[in-house]
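See structure below.
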Amino acid sequence: MISSIAICLGAFCFLVYIVRRDTVSLGLPIAYFFGLLLIHVPGAFAHVVGADVLRDSNFTELGIRFTAIGAICFVAGVWLARYSGVVLPPYGAADRERFWLFCLLAGWFFTYGLSALGRIPTLGAAIDKGGAVWMLGVLMGLRAGVFSRDLSKSLIWLSALAVYPILMLLFGGFLS
């Protein structure tokens with residue numbers, strides 16, 4: 001079990017080396033992989049330290065072995081994706097204001113337009129998470145308004161930010 005834990009930790013170190021070596025990265029593979037290892041490695045370590053107290057250590061050993069195999073495969077996949085020779089087009093300016101507006105309107109559509117379907121368990125979770133995208137649009141629009149020192153743009157995005165709390169106060173049972 002110790003060797004599988006060491007393989008997982010070594011794979012994490014190699015992943016950090018691959019991702020941070022020569023290019024700019026958001027670190028998403030590192031964050032995902034750290035979350036995965038945070039779920040599996042402490043439990044395996046607990047079974048290494050307290051094997052005489054904890055039950056079913058053989059199942060934990062099998063699970064951490066599969067985690068080590070998955071860790072190696074994940075790091076290999078990241079390495080292949082980074083060095084596959086895919087040429088990206090040069091950086092081009094994006095129409096950010098349309099994206100912010102899209103995020104805002106799509107989030108409001110999920111939050112308010114599909115709210116009647118929110119009582120269906122799986123669909124309700126998807127609608128809840130899809131509705132959160134409006135916050136991304138508001139935050140990016142508000143950031144642009146504040147950094148450009150444009151008071152009217154900042155006030156528009158602040159009023160868009162206030163829609164959700166006001167509607168929750170009116171229709172969520174607080175003031176109604």
Side-chain angles (χ1 to χ4, degrees), residues 8 11-42 67 70-71 73-176:
C8 289
F12 181 74
C13 292
F14 189 62
L15 178 69
V16 170
Y17 171 74
I18 288 172
V19 172
R20 303 300 294 169
R21 181 173 62 171
D22 59 354
T23 59
V24 177
S25 170
L26 294 175
L28 293 177
I30 295 171
Y32 171 78
F33 195 58
F34 181 76
L36 177 80
L37 293 182
L38 193 61
I39 293 170
H40 293 20
V41 172
T67 303
C73 293
F74 181 78
V75 172
V78 170
W79 180 78
L80 283 172
R82 303 241 341 142
Y83 299 108
S84 64
V86 175
V87 178
L88 297 175
Y91 174 76
D95 186 6
R96 292 192 171 113
E97 291 188 23
R98 283 185 55 201
F99 177 68
W100 304 332
L101 189 60
F102 169 77
C103 288
L104 177 69
L105 295 177
W108 281 352
F109 172 73
F110 272 91
T111 302
Y112 302 116
L114 299 177
S115 63
L117 299 175
R119 299 184 200 283
I120 302 171
T122 303
L123 193 56
I127 290 170
D128 180 50
K129 297 306 174 197
V133 77
W134 72 269
M135 290 182 263
L136 173 68
V138 168
L139 289 176
M140 290 189 324
L142 187 58
R143 178 182 176 265
V146 169
F147 282 161
S148 68
R149 298 181 191 264
D150 185 359
L151 184 62
S152 64
K153 190 183 286 188
S154 297
L155 288 175
I156 288 171
W157 286 106
L158 275 173
S159 63
L161 181 63
V163 166
Y164 184 76
I166 289 171
L167 288 177
M168 287 304 294
L169 284 173
L170 293 176
F171 301 118
F174 294 104
L175 295 177
S176 62

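Everything numeric in this text was worked out from a predicted model, so none of it was measured.
Residues W108 and V163 form a side-chain contact, since some pair of their non-hydrogen atoms from C-beta on lies under 4.5 Å apart. Taking 4.5 Å as the limit, every side-chain heavy atom of L139 sits out of range of all side-chain heavy atoms of W100.
In this structure, CG on L161 lies 12.0 Å from CG on L155, to the nearest 0.5 angstrom. To the nearest 0.5 Å, atom CD1 of residue I156 and atom CG of residue L151 are 10.0 Å apart. In this structure, the separation between CG on L36 and OG1 on T67 is 6.5 Å, given to the nearest 0.5 Å.
Closest non-hydrogen pair, F12 versus L37, comes out as CB-CD1, 3.7 Å. Across all their heavy atoms, V41 and C8 have their closest contact at CG2-CB, 4.1 Å. Contact between L15 and P29 at its shortest, heavy atoms only, is CD2-O, 3.6 Å. Taking all atoms of both residues into account, the shortest heavy-atom contact from S154 to V146 is OG-N, 3.5 Å.
Residues forming a ring-ring contact (aromatic ring centres under 6.0 Å, His included) with Y164 (at least two apart in sequence, or on another chain): W134. Qualifying side chain to side chain contact (heavy atoms under 4.5 Å, CB included) partners for F109, counting only residues two or more places apart in sequence or in other chains: L114. Every residue meeting the side chain to side chain donor-acceptor pair (under 3.5 Å) condition with S152, not counting sequence neighbours, appears here in chain and number order: D150. Checked against ring-ring contact (aromatic ring centres under 6.0 Å, His included), Y32 has the following partners two or more places apart in sequence or in another chain: F74. Under the side chain to side chain contact (heavy atoms under 4.5 Å, CB included) criterion, R149 pairs with no residue at all, not counting sequence neighbours. Here A11 pairs with F33, A71, V75 under the side chain to side chain contact (heavy atoms under 4.5 Å, CB included) rule; sequence neighbours left out.
Residue pairs meeting the salt bridge (charged side-chain N to carboxylate O under 4.0 Å, His left out) criterion with at least one member in residues 132-144: none, sequence neighbours excluded.
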